[in-house]
Protein chains: 2
Amino acid sequence: MSGSNKPSSGQKGGLEPPGPGENPHTDLSRVYSKDLLPTAGGESLTCKFFQELVNILMDYIFKSNERSSKILDFHHPHQLKEGLEGFSLDLPDHPEPLEQILVDCRDTLKYGVKTGHPRFFNQLSSGLDLVGLAGQWLTSTANTNMFTYEVSPVFLLMEEVLLKKMQSIVGWCEEEGDGIFCPGGAVSNLYSLLVARYDFYPEVKTKGMCALPRLALFTSEHVSSRLPIHHAAPLPLGWVLCCFRGKMISRELDSSIVEAKAKGLVPFYVNATAGTTVYGAFDPLTAIADVCDRHKLWLHVDAAWGGGLLMSRRHQGKLQGIERASSVTWNPHKLMGAPLQCSAILIKKRGLLQECNQLCAEYLFQSDKHYDISYDTGDKTIQCGRHVDVFKLWLMWKAKGSEGFGSQVNKCLENAEYLFKQLQRRADFKLVFESKPEHSNVCFWYLPPSLRGLPPGPDTNRRLHEVAPQIKAKMMEEGTTLIGYQPLGSNVNFFRCVFSNPATQHEDVDFLLEEIARLGSNL
Amino acid sequence: MSGSNKPSSGQKGGLEPPGPGENPHTDLSRVYSKDLLPTAGGESLTCKFFQELVNILMDYIFKSNERSSKILDFHHPHQLKEGLEGFSLDLPDHPEPLEQILVDCRDTLKYGVKTGHPRFFNQLSSGLDLVGLAGQWLTSTANTNMFTYEVSPVFLLMEEVLLKKMQSIVGWCEEEGDGIFCPGGAVSNLYSLLVARYDFYPEVKTKGMCALPRLALFTSEHVSSRLPIHHAAPLPLGWVLCCFRGKMISRELDSSIVEAKAKGLVPFYVNATAGTTVYGAFDPLTAIADVCDRHKLWLHVDAAWGGGLLMSRRHQGKLQGIERASSVTWNPHKLMGAPLQCSAILIKKRGLLQECNQLCAEYLFQSDKHYDISYDTGDKTIQCGRHVDVFKLWLMWKAKGSEGFGSQVNKCLENAEYLFKQLQRRADFKLVFESKPEHSNVCFWYLPPSLRGLPPGPDTNRRLHEVAPQIKAKMMEEGTTLIGYQPLGSNVNFFRCVFSNPATQHEDVDFLLEEIARLGSNL
């Protein structure tokens, strides 16, 4: 990091505000939010306040990119609630001066987690794309709603452009394709369920669910959180398939469908996953599409995590068959690195989304407007207003081009391959799967000295199960790196590393393994 | 506006970057997003890029606060799509230089709508609270997820503090209260339905909806968009009540419930509204709570728009009885002026939200962590990840105090009263309701010269119905002010003015009426 450009409070730099005392009206310890714009004459103070804020945020961004800085400064909930070093979470009756507001901002970042740090491997969403961030700042400043063309002309057109591009990348033809950006993959998947049900049974809208037969849907056993079947219980049954290495087995799907029919259920929907959360597994889409064709079922592909691979010529073949889906969930906030949140539901059959969800509430969406009201998308959604999630992605696309996303995705997968190779050659780690990763997920156990060479069996497994949580606890206290763990099926607690931050280099992967080994050496 | 502080590109000011040519690596026409951080040595360029961005955003904020500036520079969809003055929406294969990215940012704002302008009256959400905006910028920079305490320690604690405060303001006791921030009022209301249904019929989670009797819910006829009963059709029946001046009639509710029972339906849920979208009507909560008690029904209060009045001693009495609700929707992004999005669902009975929605997916929410996992709220939601919507509200509360929100709400309602009085004394306008507004909604017709003095009747109504759309079309072309219109029930198209922007002054209200009269004088 270049010290001369660091906008910290102790130095004069590009974003540095004028020195104290230059303007008595902008001594931040004596002014309040009511003195900012729109209050008359508030321009100077507004400038100064945002200068100081941007200094704090730039400082945070710089620190997030310093490998030597901590990812988190861990405190337990009760510690933070007690008020550390004057950082009080309490909501006051009376206003606090702007200086205190800026201190609160600094403290909030101080006790938070640097998800943009190159050694943060904890979530599918990581990194901090700075053009995406610029897009977010602008979105917040524009502070509007994806409701009608009247209040969001530009953003609604950008949504259309993005959806069309994503649909063509999925492989749909010019006449196909509809969609919408949603608050996350679970909501995108919910849309696919609602639209599929409506497509088969439009009477659900007027007569309710009791007019329908007992529907059945199918998904692999490694998927549940993003498919809100249990949550909203909009459907009477979820059906779970056996899996091998996290992939759905298409002939098992076929026999499950036959079995469900024999029980008097009506199968209508299959959720295939392109990139599962833990293993990064890709279901065999072509084979599943064949089964869906045979039984005339709706094929939804949840590519929330795997969709990003479509941007890479090298890896897009892993999603072969996705063009046959009736709907696709794709979250650019995951592998493509768009800031949170950015998730799209793509629907092949045009018009269905609007037919399914519209209420034709004239008091919200007037049909006698003077412009093309097909852009008043508020009636396509189950929400009324909708947050603007498209601009950052549009801006990133301008800044990188499709090819830039491709290189970024390739880099994440190269990191996964590098980690895989390091794990292969080390005796203190064990891979969950011996074959090369298909996505950027790499799953492994650390074997502390006390467990090495023990015969496999329930007792070893029981001890191994406790290793990852203990290392993770120490890791959070130290704050040098962050990785998640979980059990899955018969596999006891193992680490899952995922790469979605292009800032991560091989040295960070090496660091991760050394750090796990260091923290686990006494176990 | 103080010219000396305006950070436009032509002047040197606080946020002004160093002059061109000072650093050859930061000539923005020759560098790309790949040159920014995390690329080594990218600090200087990152600083410069954000300086330029902030200049653009500050300029926009200043313009939004200038009464003389246009609210919108209207173009039809096809015009914007054709690429005005080089503003192309197309997504490129190859990257564009950062200079072009900044031009795109400026153009995006240029063709958008200034929702923070003091003469923007079009939506329930308007204005631009600058501390709230600072909160949004920080939120975007932190780029994390309301998923687990592990990745959002501070934001999850802030959510708890905010929810507790809002629950105590609603009037619930210390032992009561749970909740969550949601992506908008429709989703908040959906949560209330899911939780209510689960509370009465926990078997819905394991056996599905077909195990339940035919449920009925009740709401007033002026409410539909935020209550997703038709959309998601999670329930077999919506029941609609007659209204007077947009208010639910409690004895009609009672008889509708009795009638539904007689038809073999099982009533379980009543949605009362505190502040309807168009009229700003408050349902009589105490009387409705009595009916709910008598029939043992879940009372939900949708106070998305009206909840803000609870912050004002002068107006909070209009929500008397809300403390008896089992759940409450309250959107601080409306009357309280928090930037979009910020909506809370409050549930009186603690633990229900988690019980209703949890999947206990150990692969997502590990129970063997070393900290208090009750803050891993991901399992309370139907979403998996959740955007951070709390920080901006928390920061605004620090900056204003509860009393600051109270004054702001009072000011919005004073503006409504002022408008009401102006309309009362003018012959060219006609109020939809003759009595003083209860909320900041004021509904009225403009009577063009050709319609004044005509006898009431279908023909006059037909002509009056066309007035508002014609004025609105002209208004959008002129871009000087913006107000919505709609028909409702037997009332033909009328204007609805709402006040939620504290920047609005009496002069802006006067301007609105003069502008409508000017634009409509030839009709």
Side-chain angles (χ1 to χ4, degrees), chain A residues 2 5 14 33 36-38 43-44 47 53 57 65 77 89 91-96 101 108 111-113 115 130-131 134 136-137 140-141 143-144 151 154 161 165 183-184 186 208 210 225 228 231 236 339 341 363 368 370 372 382-384 387 397-399 401-402 404 469 473 486 488 503, chain B residues 2 5 14 33 36-38 43-44 47 53 57 65 77 89 91-96 101 111-113 115 130-131 134 136-137 140-141 143-144 151 154 161 165 183-184 186 208 210 225 228 231 236 339 341 363 368 370 372 382-384 387 397-402 404 469 473 486 488 503:
Chain A
S2 146
N5 288 289
S33 63
L36 295 168
L37 286 172
E43 290 82 1
S44 162
C47 252
L53 175 77
L57 299 180
N65 279 286
L89 296 171
L91 301 170
D93 288 334
H94 308 295
E96 291 184 357
I101 297 307
T108 298
Y111 298 113
V113 177
T115 59
L130 293 180
V131 170
Q136 286 275 69
W137 286 16
S140 304
T141 309
N143 195 34
T144 192
V151 294
V154 185
V161 168
K165 187 76 166 185
C210 289
S225 65
H231 283 131
Q341 61 195 29
Y363 82 93
D368 50 7
H370 80 304
D372 176 1
I382 57 171
Q383 303 181 256
C384 187
H387 190 255
W397 215 306
K398 284 278 186 189
S402 306
Q486 64 286 301
L488 192 58
Chain B
S2 147
N5 289 290
S33 64
L36 296 167
L37 285 174
E43 291 81 3
S44 162
C47 250
L53 175 77
L57 299 180
N65 279 285
L89 296 170
L91 302 169
D93 288 334
H94 308 295
E96 291 183 357
I101 297 307
Y111 297 113
V113 177
T115 58
L130 293 181
V131 170
Q136 285 275 66
W137 287 14
S140 304
T141 309
N143 194 34
T144 194
V151 293
V154 185
V161 168
K165 187 76 167 186
C210 289
S225 65
H231 283 131
Q341 59 193 32
Y363 83 93
D368 49 9
H370 80 303
D372 177 1
I382 57 168
Q383 303 181 257
C384 186
H387 191 254
W397 215 305
K398 285 278 184 188
K400 287 177 203 293
S402 307
Q486 64 287 300
L488 193 58

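In what follows, chains are A, B, ... by sequence order, proteins preceding strands, each numbered from 1.
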Asks: Do you know which of B/Leu36, B/Leu130, B/Asn65 has the most heavy-atom pairs with chain A at a distance under 4.5 angstrom?
Replies: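 Counting heavy-atom pairs under 4.5 Å, the top option is B/Leu130.
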Asks: Between B/Asp93, B/Val131, B/Val113, which shows the greatest number of heavy-atom pairs under 4.5 Å with chain A?
Replies: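 The option with the most such pairs is B/Asp93.
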Asks: For the atom pair OG (A/Ser402) and CG (B/Leu91), what is the distance rounded to the nearest 0.5 Å?
Replies: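 The OG atom of A/Ser402 sits 7.0 Å away from the CG atom of B/Leu91.
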Asks: Which atoms of A/Asn143 come close to chain B, meaning under 4.5 Å heavy atom to heavy atom: side chain ones, backbone ones, both, or neither?
Replies: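 When you check distances to chain B, atoms from both the backbone and side chain of A/Asn143 fall under 4.5 Å.
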Asks: Can you give me the closest heavy-atom contact between B/Gln383 and A/Ala186, atom names plus distance?
Replies: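 It is CA-CB, 3.8 Å.
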Asks: Between B/Gln136, B/Lys165, B/Glu96, which residue shows the highest count of heavy-atom pairs closer than 4.5 Å to chain A?
Replies: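 The candidate making the most pairs under 4.5 Å is B/Glu96.
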Asks: Who wins among B/Ser33, B/Pro92, B/Ala473 for the most heavy-atom pairs under 4.5 Å with chain A?
Replies: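 Of B/Ser33, B/Pro92, B/Ala473, B/Pro92 has the most heavy-atom pairs under 4.5 Å with chain A.
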Asks: Relative to chain B, which of A/Thr115, A/Asp368, A/Leu37 shows the most heavy atom pairs under 4.5 Å?
Replies: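 Option with the greatest count: A/Asp368.
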Asks: Highest number of heavy-atom pairs under 4.5 Å with chain B: which of A/Val154, A/Leu89, A/Val161?
Replies: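 When all of A/Val154, A/Leu89, A/Val161 are compared, A/Leu89 has the most.
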Asks: Examine whether an atom of B/Leu53 lies under 4.5 Å from a heavy atom of chain A, and if so say whether it belongs to the side chain, the backbone or both; otherwise answer neither.
Replies: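 Looking at B/Leu53, just its side chain touches chain A.
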Asks: Among residues at least two apart in sequence or on other chains, which ones pass salt bridge (Lys or Arg N to Asp or Glu O under 4.0 Å) with B/Lys398?
Replies: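 Partners of B/Lys398 under the salt bridge (Lys or Arg N to Asp or Glu O under 4.0 Å) test: none.
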Asks: Counting heavy-atom pairs under 4.5 Å to chain A, which of B/Ala503, B/Ser140, B/Pro469 comes out on top?
Replies: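 Sorted descending by pairs with chain A, the first entry is B/Ser140.
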Asks: Can you name the ring-ring contact (aromatic ring centres under 6.0 Å, His included) partners of A/Trp137, sequence neighbours left out?
Replies: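 Once residues adjacent in sequence are excluded, the partners of A/Trp137 under the ring-ring contact (aromatic ring centres under 6.0 Å, His included) criterion are B/Phe50, B/Trp137.
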Asks: Given heavy-atom pairs under 4.5 angstrom as the criterion, report whether the side chain, backbone, both or neither of B/Lys400 touches chain A.
Replies: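 Its backbone and side chain both get close to chain A.
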Asks: Report the option among B/Gly112, B/Pro77, B/Gly404 that has the most heavy-atom pairs separated by less than 4.5 Å from atoms of chain A.
Replies: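 Sorted descending by pairs with chain A, the first entry is B/Pro77.
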